[in-house]
Asker: 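One structure coming up, written as structure tokens, with questions to follow.
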There are 2 protein chains.
Amino acid sequence: MGSADIPTPVIRRLPLYLRALMFLLDEAQEIISSEELGKKLGISPAQIRKDLSCFGEFGKQGTGYEIKHLREQLKRILKVDREWGIALVGAGALGHAIAHYEGFKNRGFYIAAILDNDPQKIGKKIGDLEVMDSRLLPEVVREMGLQVAIIAVPTSEARKVADALIASGIKAIINYAPITLNVPPGVQIRCIDPVTRLQNMTYYL
Amino acid sequence: MGSADIPTPVIRRLPLYLRALMFLLDEAQEIISSEELGKKLGISPAQIRKDLSCFGEFGKQGTGYEIKHLREQLKRILKVDREWGIALVGAGALGHAIAHYEGFKNRGFYIAAILDNDPQKIGKKIGDLEVMDSRLLPEVVREMGLQVAIIAVPTSEARKVADALIASGIKAIINYAPITLNVPPGVQIRCIDPVTRLQNMTYYL
DNA sequence: TAGATTGTTAATCGATTAACAATC
DNA sequence: TAGATTGTTAATCGATTAACAATC
């Protein structure tokens, strides 16, 4: 690959830029400067320019950035210029909330399948999708060509589910169980645990 | 205050240490070395020792850390050696999932009140709590002495809700709407947006 | 004591910021 | 052109790591 190694903090910020640009486009704004974008995001303008310069020259001196163009570039860089299907494992309250979440729309993702191991839940419909038996995971992942999954099961089952996902060929996982899961190289994982975020804030109170 | 300024990455890691220690105690482990803890968390042992040394000397040379003792120290440092009541705003699918979440238990938090502006939802019960009218927010926050809140409303309402929370005296906010909210100094805010996390991972695929 | 692991210092590494020439 | 803002360099700042004396 021609692309040099980009610092991870840069990659963490790009989705925030993209999110802000999508929002601005909804409000029909066409151009934005690094100054204005920085103010909206609480990030320094120099930081934004430096981050973007890792990938090319997307702005125009004296003017700023054409929002639609920058959005397309960011989508391409982040590989969300396509739609990734997600395997959602867990059809409890959290699974329902994720299945009904509006925020995936136009951001590169959709729920492709919902799985659970509870016979009470298997076969039930959530929105347009029928909850499938967890045991079908390998087939579902292969047949639908899924690479992304979300773990929304109880903590006690999260490790087992992660192993099954990885064995099935999933390459990117969002884990909602409050536990650190170790994954092999080549597999991405991120944990969403509101309590660690809360504990982080209370330190400062 | 006697406490010097602690680097923010340190404060971000402490809740992870605490979470791992709680888990180990459940499994009846009593002692752990920075080496072993680091392996579990994917963090270098030197990092862990350095982080902890910001606050005191909690270990014993040649042995490691007494887990129960370190847990108590971390709880104290993070101010979760008490229980913080949370004002949960939004009683939709996400609000339900949060209200039923088991993960708050023993980690310093509980849902103290649930509010919504939808007459259809007001008065309905979620677990033990009755959904209250959002307009009662200032009274609820004051009377219950709440400092922490969670925003689980549609994106279009998030800004308004955040302003109301801050006006009511809330000092720490978890925002589930995929939008950057600007808050005044002295108020902590963290955004939980699974899609930015997903977009971060797809970059690496 | 011998072995192990901490707490801490110094060195390295990496990220952010300031500043300005380039240029629209 | 004059004014504005980018892209980029160099300087600053901060965080991580390596190494080891202290000590249990």
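Here is how names work: the chains are called A, B, and so on, in the same order as the sequence lines, proteins then strands, and each is numbered from 1.
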Asker: So which pairs with a foot in residues 81-94 of chain A pass salt bridge (Lys or Arg N to Asp or Glu O under 4.0 Å), sequence neighbours left out?
Answerer: none

Asker: Is there a side-chain contact between R13(A) and the phosphate of dA15(C), meaning an N or O under 4.0 Å from OP1 or OP2?
Answerer: no

Asker: Output all residues satisfying side-chain contact (heavy atoms from CB on, under 4.5 Å) with A91(A), sequence neighbours left out; order by chain, then residue number.
Answerer: I114(A), D116(A), K121(A), I126(A), V131(A)

Asker: Counting only heavy atoms and a strict 4.0 angstrom limit, can you tell me which residues of residues 66-76 of chain B come near DNA chain C?
Answerer: none

Asker: Sorted by first residue and then second, give each side chain to side chain donor-acceptor pair (under 3.5 Å) pair with at least one member in residues 23-36 of chain B; sequence neighbours left out.
Answerer: Q29(B)-E36(B), S34(B)-R49(B)

Asker: How would you summarise protein contacts on nucleotides 1-11 of chain D per nucleotide, using B for base, S for sugar-phosphate only and - for none, with heavy-atom distances below 4.0 Å?
Answerer: ---BBBBBB--

Asker: Give the rounded distance in Å between these two atoms: CZ of R12(B) and C1' of dT16(D).
Answerer: 14 Å

Asker: Does anything in residues 54-65 of chain B pair up under side chain to side chain donor-acceptor pair (under 3.5 Å), and if so which pairs, sequence neighbours excluded?
Answerer: none

Asker: For R71(A), which residues count as a salt bridge (Lys or Arg N to Asp or Glu O under 4.0 Å) partner, sequence neighbours excluded?
Answerer: none

Asker: Describe, in one word, how the ring planes of H96(A) and H100(A) are oriented to each other, choosing from parallel (under 30°), tilted (30 to 60°) and perpendicular (over 60°).
Answerer: tilted

Asker: If you look only at pairs with a residue in residues 134-160 of chain A, which of them pass as a salt bridge (Lys or Arg N to Asp or Glu O under 4.0 Å), with sequence neighbours excluded?
Answerer: D133(A)-R135(A)

Asker: Kindly write out the residues that satisfy side-chain hydrogen bond (donor to acceptor under 3.5 Å, both in side chains) with S134(B), not counting sequence neighbours, or none if the list is empty.
Answerer: none

Asker: Side-chain donor-acceptor contacts of residues 168-180 of chain B below 3.5 Å, not counting sequence neighbours, with atom names and distances?
Answerer:
from: S168(B); atom 1: OG; to: A164(B); atom 2: O; distance (Å): 2.8
from: N175(B); atom 1: OD1; to: A177(B); atom 2: N; distance (Å): 2.8
from: N175(B); atom 1: ND2; to: A177(B); atom 2: O; distance (Å): 3.1
from: N175(B); atom 1: ND2; to: I179(B); atom 2: O; distance (Å): 3.1
from: T180(B); atom 1: OG1; to: R19(A); atom 2: NH2; distance (Å): 3.1

Asker: Applying salt bridge (Lys or Arg N to Asp or Glu O under 4.0 Å), name anything that partners R197(B), two or more places apart in sequence or on another chain.
Answerer: none

Asker: Stems involving DNA chain C: give each as a range paired with a range, ordered by first number, where a stem means at least three consecutive Watson-Crick or G-U wobble pairs under 3.5 Å.
Answerer: C:3-24 with D:3-24

